[in-house]
Asks: 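Have a look at this one.
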Amino acid sequence: MRARWPALGLALLAGGVAAGEIGPSERRSGRDFMSAETRAMQADDNSNPGMLWVLQGEQLWSDPAGSKNLSCASCHGEATESMKGVAARYPAFDDASGKPIDLAGRIARCRTERQGAEIPAREGDELVALTTYVAHQSRGLPVAPPADERLAPARAEGRRLFETRMGQLDLACASCHDDNWQGRLGGSAVTQAHPTGYPIYRLEWQAVGSLQRRMRGCMVGVRAEPFAYGSDAYVALEAYLMSRAAGMAMETPGVRP
Amino acid sequence: MTRALVNVPKTAKRGDVIDVRAMIAHPMETGYRMGPNGVPIPRDIITRFECLYDGEIVFAAEFFPAMSANPFISFSTVATASGTLTFRWTDDAGKVETATAEIAVS
């Protein structure tokens, strides 16, 4: 991918028309841009490899862990009930830290503070599997960003980041995902960058990864210095992307090339 | 922890051709890649997959390094009797992971 992008960057710079924000009726899930094969893989739970992480998350959910020897289920019961719709309203405002927190961060918090376990690694299998399992409980439900005024600054900051040119290619997220979403970059559809299928199984990764990992890929693609996993900047971008996708259906686990 | 998804119809008529699918989480590390420090990443792949229907092998496959991670296998067999389908994946180290599914044949 890295080799394909420079040429694309030049093409975008030459042909870039500032089309601006995508209207509500024009919004389309990333899934709709995928090949028939990739869509079929996502649609069938028996061939969607992301379901392997859902399965792992389901096992972790009821495994006692940490110094308190409690499982997620000890406190939250059946995830199908207690976690339904939760992912659709993250990032949420976290009173304890006084700032927005993403779903993976929230789960990591329970893992350390409520179970007394080690801090799970951000892109580690354990946290990715738990996040995928929890997010899967919202599949089919509309993205529902909380009407919490305390999230407004993060959404505004996320939008600012999305619209700011960065990296050696000097492109903003918006240059591709707002202004050229109908285009293709090398072989890949650019898409509108909706976060509805996350965490996703990406064929290129041969694994499930988070929205932050996906965004990291785009930042490396424009040769920008990626933010740190779990940073306020990524959470702000997530908060903006979720508000931009309000009402669209959750699809976790999505499948992408 | 084995992470495998197997799919077999719950019921079938005797003589029906049934579709069977099996997928397992596995890195299928080829042995040809270098780690970040230039040290080769040791090969770690599944070398053999078998499906047993009431103890008898009805499908088997050899795997090689060119197969993707999390290999997915789809095949068909004939529903002969009610019983258990056992799926077995054997890796380079000889470690075996298994999963099972039941079928009721009328």
Side-chain angles (χ1 to χ4, degrees), chain A residues 2 35 37-65 71-72 117 120-121 123-133 136 139 199-209 213 216 220 226 252-257, chain B residues 1-12 17-36 41-46 49 51 59 61 63-77 85-89 91 97-103:
Chain A
R2 255 168 248 179
S35 68
E37 291 80 3
T38 308
R39 271 180 285 145
M41 198 187 276
Q42 175 173 327
D44 174 5
D45 284 349
N46 290 304
S47 62
N48 181 339
M51 293 306 290
L52 294 166
W53 275 255
V54 171
L55 195 71
Q56 183 185 8
E58 186 180 6
Q59 287 167 359
L60 288 168
W61 179 263
S62 47
D63 282 349
S71 71
C72 316
E123 284 301 306
D125 238 12
E126 177 188 284
L127 188 55
V128 169
L130 278 166
T131 309
T132 309
Y133 178 60
H136 181 61
R139 187 165 70 169
I200 54 155
Y201 186 87
R202 192 160 180 223
L203 299 171
E204 185 184 304
W205 298 332
Q206 304 215 347
V208 168
R213 183 170 176 193
R216 183 182 199 283
V220 170
T252 312
V255 178
R256 298 288 182 271
Chain B
M1 171 168 54
T2 298
R3 284 188 283 157
L5 289 168
V6 296
N7 185 249
V8 175
K10 288 200 169 52
T11 59
V17 174
I18 54 166
D19 283 323
V20 180
R21 286 180 289 177
M23 176 163 54
I24 188 164
H26 196 283
M28 296 295 283
E29 189 57 60
T30 61
Y32 300 131
R33 295 197 312 155
M34 298 290 181
I41 306 173
R43 180 178 129 151
D44 174 19
I45 68 165
I46 291 167
F49 167 79
C51 174
F59 182 90
F63 288 6
F64 297 93
M67 268 193 92
S68 77
N70 314 312
F72 172 85
I73 286 270
S74 164
F75 58 93
S76 53
T77 188
L85 279 87
T86 305
F87 301 84
R88 267 208 315 235
W89 295 263
D91 73 7
E97 298 191 82
T98 57
T100 58
E102 304 293 325
I103 184 168

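So that the names make sense, note that chain A is the first sequence line, chain B the second, and so on, each numbered from 1.
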Asks: Non-hydrogen contacts under 4.5 angstrom with chain B: give the residues of residues 40-47 of chain A involved, or none if there are none.
Replies: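 Those residues of residues 40-47 of chain A which have a heavy atom under 4.5 Å from chain B are A:D44, A:D45, A:N46, A:S47.
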Asks: Could you go through residues 123-132 of chain A and list every donor-acceptor pair under 3.5 Å that involves a side-chain atom there, pairing it with any protein atom two or more places apart or in another chain?
Replies:
unit_1	atom_1	unit_2	atom_2	d
A:E123	OE1	A:S210	N	3.3
A:E123	OE2	A:S210	OG	2.4
A:D125	OD1	A:W53	NE1	3.2
A:D125	OD2	B:R3	NH2	3.3
A:E126	OE2	A:R111	NE	2.9
A:T131	OG1	A:L127	O	2.6
A:T132	OG1	A:V128	O	2.6

Asks: Considering heavy atoms only, which positions within residues 21-34 of chain B lie below 4.5 Å of chain A?
Replies: B:R21, B:M23, B:I24, B:A25
Asks: Taking only residues at least two apart or on different chains, which pairs with a member in residues 64-74 of chain B satisfy side-chain hydrogen bond (donor to acceptor under 3.5 Å, both in side chains)?
Replies: A:Y201-B:N70
Asks: Would you mind telling me which of A:V54, A:L52, A:N48 makes a side chain to side chain contact (heavy atoms under 4.5 Å, CB included) with B:L5?
Replies: A:L52
